[in-house]
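I have placed the structure first, in the form of structure tokens, so that the comments after it can refer back to it.
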Amino acid sequence: MEHIRTTKVEQVKLLDRFSTNNKSLTGTLYLTATHLLFIDSHQKETWILHHHIASVEKLALTTAGCPLVIQCKNFRIVHFIVPRERDCHDIYNSLLQLSKQAKYEDLYAFSYNPKQNDSERLQGWQLIDLAEEYKRMGVPNSHWQLSDANREYKAAICRCSQPLSGFSARCLEDEHLLQAISKANPVNRYMYVIDTRPKLNAMANRAAGKGYENEDNYSNIRFQFVGIENIHVMRSSLQKLLEVSGTKGLSVNDFYSGLESSGWLRHIKAVMDAAIFLAKAIMVENASVLVHCSDGWDRTSQVCSLGSLLLDSYYRTIKGFMVLIEKDWISFGHKFSERCGHLDGDPKEVSPVFTQFLECVWHLTEQFPQAFEFNEEFLLQIHEHIHSCQFGNFLGNCQKEREELKLKEKTYSLWPFLLEDQKKYLNPLYSSKSQRFTVLEPNTVSFNFKFWRNMYHQFDRTLHPRQSVFNIIMNMNEQNKQLQKDIQDLESKIKQRKNKQTDGVLTKELLHSVCPESPTLKTSLCFKEQTLLPVNDALRTIEGSSPADNRYSEYAEEFSKPEPAVVSLEYGVARMTC
Amino acid sequence: MEFAELIKTPRVDNVVLHRPFYPAVEGTLCLTGHHLILSSRQDNTEELWLLHSNIDAIDKRFVGSLGTIIIKCKDFRIIQLDIPGMEECLNIASSIEALSTLDSITLMYPFFYRPMFEVVEDGWHSFLPEQEFELYSSATSEWRLSYVNKEFAVCPSYPPIVIVPKSVDDEALRKVATFRHGGRFPVLSYYHKKNGMVIMRSGQPLTGTNGRRCKEDEKLINATLRAGKRGYIIDTRSLNVAQQARAKGGGFEQEAHYPQWRRIHKSIERYHILQESLIKLVEACNEQAHNMDRWLSKLEASNWLTHIKEILTTACLAAQCIDREGASILVHGTEGIDSTLQVTSLAQIILEPRSRTIRGFEALIEREWLQAGHPFQQRCAQSAYCSSKQKWEAPVFLLFLDCVWQILRQFPCSFEFNEHFLIMLFEHAYASQFGTFLGNNESEKCKLKLQQKTMSLWSWVNRPSELSKFTNPLFEANNLVIWPSVAPQSLQLWEGIFLRWNRTSKYLDEAYEEMVNIIEYNKELQAKVNILRRQLAELETEDGMQESP
């Protein structure tokens with residue numbers, strides 16, 4: 001690789017992100033073609049994919065060395081101290097190059113090789129088939145050609161971009177199309193047009209020859225603004241949020257006032273409210289809804305996909321959620337590459353629109369813990385991969401561009417890999433029966449919205465609960481399946497034994513050939529009463545659980561004064577099993 | 001006094017009860033000496049029984065002849081009664097007002113309550129100091145029980161029996177008592193078996209402005225140190241506040257007189273600051289229409305989570321001194337009956353696995369709150385809707401329970417009890433049919449003859465049928481010290497308390513049930529597998545015997 005000058009630097013320090021007294025781990029830093037790797041003295045590995053790097057910063061030289069701060073798109077922040085400035089400079093330059101590629105062909109997906117052959121790869125791409133999906137929804141039918149509709153209701157969700165109306169322009173064909181949509185709904189003769197922008201923004205757009213529908217020109221439409229802010233507002237909102245949550249020694253008041261002033265949860269609530277408005281129009285009034293924003297690929301995608309999720313339980317399954325993303329995001333041209341900054345491009349096009357969608361889904365899972373087949377880990381994993389450029393799904397900015405890149409021939413699809421690992425992403429409390437046909441009606445009272453710690457601090461383990469109920473229940477569910485199998489096994493063995501005892505005709509040899517007993521099973525069938533199996537020791541590990549990690553006080557100052565005989569505090573992550 | 005005098009209208013028909021998230025219920029309203037009862041005439045509908053002592057405030061208003069009474073409860077619930085007839089409504093309102101603010105403790109419900117259950121174990125005798133001491137006596141002989149406060153003569157807010165260093169005699173204790181606020185001389189709060197370090201608690205030393213000292217006090221607390229060891233004094237007040245206390249005769253331990261001790265000042269609020277915090281928080285939670293910015297700024301302005309963080313941090317610091325620094329500590333603030341108890345009891349939750357069991361937690365509340373003289377009667381007289389700003393009302397105990405909940409959330413498998421247990425304790429601290437939380441200290445409890453005249457909460461709770469509701473299905477004994485995170489991102493609003501009446505918890509409850517089902521099913525399957533394994537093994541040995549010649 002022409003960009004890599006130094007591949008290995010020793011004696012590098014990794015600073016604890018929240019430590020106020022510069023707690024650190026020492027280790028070795030490696031630079032590969034795809035990853036930056038840090039291995040600390042406990043052999044713990046930290047892998048950072050180059051594509052995940054949002055920014056690299058070289059700070060002023062200190063006596064300890066040269067600080068290098070890397071912020072990642074998956075919200076990991078690492079702070080290295082490299083002993084020699086020369087090395088730091090090399091790594092810094094390499095990372096700058098490696099994290100910002102100019103061409104799609106240089107992205108990881110084009111070199112990633114999971115050792116599958118062509119047909120396996122193609123199968124992977126065919127796993128999620130949108131034509132199938134429209135069939136599932138029941139379109140085309142007598143009212144609809146292939147477009148976008150909802151299965152259970154005669155009403156439909158439609159989407160488009162803003163009309164180019166300016167102050168007075170009209171388009172008769174557009175008016176007719178809307179009328180046709182409206183007529184396609186046999187139940188209700190009026191339809192809603194949702195403009196997801198704040199009214200002020202939409203009015204401002206009129207000056208540029210764009211704007212919104214004039215209710216007078218369209219028969220039977222009801223017009224509604226729902227006030228979701230644009231991509232630039234969202235970008236700076238997230239930036240503020242991360243600044244606050246990344247503050248060292250953060251006080252409760254600074255946290256909440258920062259949360260408020262970032263506006264992040266307000267935006268999340270706005271998206272959710274819009275989706276609920278849409279779902280209600282369809283469900284309660286049986287009215288069709290046309291959704292648009294300015295371009296029709298950001299806010300519109302958020303609202304349509306969330307609305308679908310509320311209305312149709314299929315989208316709350318693992319596979320259904322993949323279909324939803326393919327349908328409302330990928331195929332309708334959400335500009336993933338620009339929004340996620342896959343290539344070295346205009347930073348003003350970057351915006352966490354899809355992250356917001358995932359966060360809305362997370363909030364729904366919090367309110368309806370049994371309505372989703374998937375768990376939080378699934379959402380985090382998808383978020384990881386919209387930025388990783390490891391799979392082809394999210395590359396490019398629209399369908400056309402994707403076809404030109406020949407993604408299906410040159411890259412792999414993410415979905416089969418997630419499905420293969422399905423077990424990890426299952427919600428153990430999912431109740432498929434009771435939820436199948438129900439529509440979710442979330443409550444968007446403000447106190448129901450919380451900071452998503454497991455997303456924005458997913459790598460800061462010391463901030464997480466030390467024991468995870470969720471993991472324990474998940475493993476117990478798995479264990480229950482195994483136990484059921486064991487019971488069947490045992491019952492059939494007992495039956496055979498009993499048969500053998502009553503039916504003495506059977507010869508010993510015959511029995512053995514009928515029931516070959518595996519040696520492993522035999523050893524497990526011991527007399528000993530087995531105690532309640534530990535679900536999984538690793539799950540009960542309390543990570544990051546030492547007082548030093550939790551910073552109850554500024555000990556450096558409090559305890560290290562020479563006076564009392566002080567036992568030195570344990571640094572580093574104490575792993576305690578319980 | 002007869003309650004009948006206070007009840008002007010004992011019964012009104014056609015009253016409509018409104019509660020959030022429930023359909024309105026029409027029925028007959030009855031007032032008794034201790035309860036407000038609304039029973040619908042339809043069958044199978046639940047009756048509402050509300051203790052008058054649970055009523056924090058009432059509002060009334062009229063539209064024509066239809067009166068409405070809004071009842072705000074100490075557990076934060078708000079209900080509305082529509083009462084036809086202005087006179088009836090006024091009568092009911094004034095009766096409720098009088099009955100919910102009775103002056104005399106002996107008129108309270110616990111003195112009239114007759115249990116409908118069989119008492120298996122009398123809770124008044126469940127946690128005797130002697131028994132608690134026995135738990136330590138196998139590990140140490142450096143401590144003894146002292147009966148110096150037998151008649152409550154030395155310290156009115158201490159129990160008759162306390163644990164003190166063996167080397168200090170009762171005469172010295174009497175002297176030390178005169179040097180400590182409220183006579184609260186240093187006593188043992190907790191003994192850490194792992195390394196023999198201890199938590200002691202007391203009132204502030206009465207040094208005053210001229211730096212008064214007391215040799216016996218110095219000797220007493222030094223007696224708890226091993227040779228060559230040093231200890232920490234955790235003062236729950238800021239240095240500034242502690243210095244100001246000197247002007248009123250209080251103060252703190254001077255380094256010169258306590259050279260073996262390092263003092264650490266923390267800043268835990270008390271009194272009206274906490275009460276106002278609670279009032280603001282509950283007000284914020286009750287307003288459904290707040291937009292996001294307003295909600296977040298109200299939540300912030302309440303400062304509730306700031307108090308939680310401060311209390312937890314101090315408790316963690318105390319635990320850290322004991323377990324990691326290997327140093328004994330003395331904790332006090334001013335009087336040693338509020339923030340001091342929050343710190344000493346939470347430190348034990350962190351350090352001591354037993355205090356995370358149901359029995360152990362009950363014992364902790366007995367030792368560190370009831371017997372230690374937290375003035376429940378005063379602190380819990382009013383709750384979030386009170387308007388009388390009395391200095392002594394403060395949600396000190398609720399803050400403690402909230403802190404326990406925060407730790408429970410971070411270590412969901414390490415506690416034998418669940419959230420409902422904590423909520424139940426909160427309810428009973430403010431209004432109860434049991435005598436446990438009546439009175440301000442042991443001395444008052446004794447005078448009220450609570451043991452003879454009322455039922456203990458523990459007598460009711462510790463029956464299997466009740467316990468099952470409070471047991472955490474995920475519990476697996478964890479013998480480690482548990483260090484919670486106190487970062488703002490790790491602390492949460494206790495929804496089970498503060499949003500309890502403001503949202504439906506249907507889906508969350510169902511999910512919890514499903515979780516319990518999975519755990520129960522797991523146990524069932526394991527038991528079955530074990531039985532089948534044994535059965536098969538028996539068959540195999542039988543076969544073996546048949547086959548062997």
Side-chain angles (χ1 to χ4, degrees), chain A residues 245 250 252-253 255-257 259-260 265-266 269 367-370 428-429 431 443 445-447 449 451 453 457 462-463 465-467 469 472-473 476-477 479-480 483-484 486-487 490-491 493-494 497 525 527 529-530 532-533 545-547 550 552-553 558-559 563-567 569 576 578, chain B residues 230 262 264 285 288 290-293 295-297 299-300 305-306 309 313 316-317 320 324-327 409-414 474 478 480 482-491 499 503 507-508 510-511 514-515 518-519 521-523 525-526 528-530 532-537 539 543:
Chain A
S245 66
L250 183 64
V252 172
N253 283 357
F255 177 62
Y256 282 101
S257 65
L259 198 55
E260 181 199 337
L265 289 178
R266 176 159 46 87
K269 177 169 152 57
Q367 275 197 42
F368 304 96
Q370 297 189 270
L429 301 179
S431 154
N443 182 342
V445 82
S446 295
F447 57 58
F449 291 86
F451 174 70
R453 183 197 53 225
H457 287 296
T462 55
L463 300 183
R466 309 303 208 252
Q467 295 167 325
V469 173
I472 288 165
I473 297 301
M476 214 173 253
N477 238 351
Q479 197 192 51
N480 285 355
L483 285 169
Q484 280 169 334
D486 288 356
I487 287 173
L490 285 163
E491 275 172 344
K493 286 214 179 74
I494 287 170
R497 283 277 172 194
L525 296 175
F527 256 127
E529 193 75 30
Q530 294 215 331
L532 269 182
L533 291 169
S545 200
S546 86
N550 292 302
Y552 302 131
S553 174
E558 201 62 77
F559 284 140
E563 271 238 346
V566 166
V567 182
L569 284 176
M576 300 197 254
C578 51
Chain B
R230 290 168 196 263
R262 278 272 325 271
I264 301 173
C285 292
Q288 306 261 338
H290 280 327
N291 65 30
M292 187 61 72
D293 289 0
W295 156 247
L296 290 172
S297 83
L299 179 61
E300 181 209 339
L305 287 168
T306 301
K309 181 170 156 74
T313 306
C316 290
L317 181 70
Q320 184 177 9
R324 294 300 165 101
E325 300 286 321
R409 258 197 69 260
Q410 296 190 27
F411 295 89
C413 310
S414 299
L474 290 162
N478 170 2
L480 294 169
I482 54 177
W483 302 107
S485 162
V486 294
Q489 296 98 319
S490 306
L491 302 177
L499 301 180
R503 57 166 197 192
Y507 298 111
L508 303 180
E510 283 173 7
E514 177 61 16
M515 182 191 83
I518 292 173
I519 297 168
Y521 187 47
N522 183 265
K523 284 183 188 159
L525 290 176
Q526 297 219 14
K528 193 160 180 196
V529 165
N530 281 333
L532 290 175
R533 276 184 182 147
R534 209 178 315 151
Q535 211 179 332
L536 184 65
L539 286 173
D543 282 4

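In what follows, chains are A, B, ... by sequence order, proteins preceding strands, each numbered from 1. Values in this document were obtained by computation on a predicted structure and should not be read as measured data.
- Panel note: side chain B/Q489, backbone A/S245; a donor-acceptor pair is recorded below 3.5 Å.
- The structure places CE of B/M515 at 9.5 Å from CD1 of A/I472, a figure rounded to the nearest 0.5 Å.
- Rounding to the nearest 0.5 Å places OG of A/S446 at 8.5 Å from CG of B/D293.
- With rounding to the nearest 0.5 Å, the separation of CH2 in B/W295 from CG in A/L259 is 11.5 Å.
- In this structure, the portions of B/L305 lying under 4.5 Å from any heavy atom of chain A include both its backbone and its side chain.
- In this structure the side chain of A/T462 never reaches within 4.5 angstrom of the side chain of B/S485, judged on heavy atoms.
- Considering only heavy-atom pairs separated by less than 4.5 Å from chain B, the leading option among A/E491, A/Q484, A/Q367 is A/Q484.
- We find the CE-CG distance between A/M476 and B/L525 to be 11.0 Å, quoted to the nearest 0.5 Å.
- A/L463 approaches B/A487 most closely through the heavy-atom pair CD2-CB, 3.3 Å.
- Side-chain contact check for B/S414 and A/Q467: at least one donor-acceptor pair (N or O, by modelled atom type) lies under 3.5 Å.
- Here B/S297 pairs with nothing under the side chain to side chain donor-acceptor pair (under 3.5 Å) rule; sequence neighbours left out.
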Test side chain to side chain contact (heavy atoms under 4.5 Å, CB included) applied to B/N291 and A/R266, step by step: CA-CA 8 Å; B/N291 65 30; A/R266 176 159 46 87; over 6 Å; no
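- For B/I518, the parts lying under 4.5 angstrom from a heavy atom of chain A are both the backbone and the side chain.
- Distance check: A/L490 CG to B/R534 CZ gives 12.5 Å after rounding to the nearest 0.5 Å.
- Within the 4.5 Å cutoff, the side chain of B/N522 has no heavy atoms near those of the A/N477 side chain.
- The shortest side-chain heavy-atom distance between B/Q288 and A/F447 falls under the 4.5 Å cut-off.
- To the nearest 0.5 Å, the span separating OH on A/Y256 from OG1 on B/T306 amounts to 9.5 Å.
- Residues passing the side-chain contact (heavy atoms from CB on, under 4.5 Å) test with B/A511 are A/P369, A/Q370, A/L429, sequence neighbours excluded.
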Evaluation steps, side chain to side chain contact (heavy atoms under 4.5 Å, CB included), between A/D486 and B/R533: CA-CA 10 Å; A/D486 288 356; B/R533 276 184 182 147; 4.0 Å; yes
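- Here the closest heavy-atom approach between residue B/L532 and residue A/I487 is recorded as CD1-CG2, 3.7 Å.
- Proximity of B/I482 to A/R466: side-chain heavy atoms (C-beta onward) are nowhere separated by under 4.5 Å.
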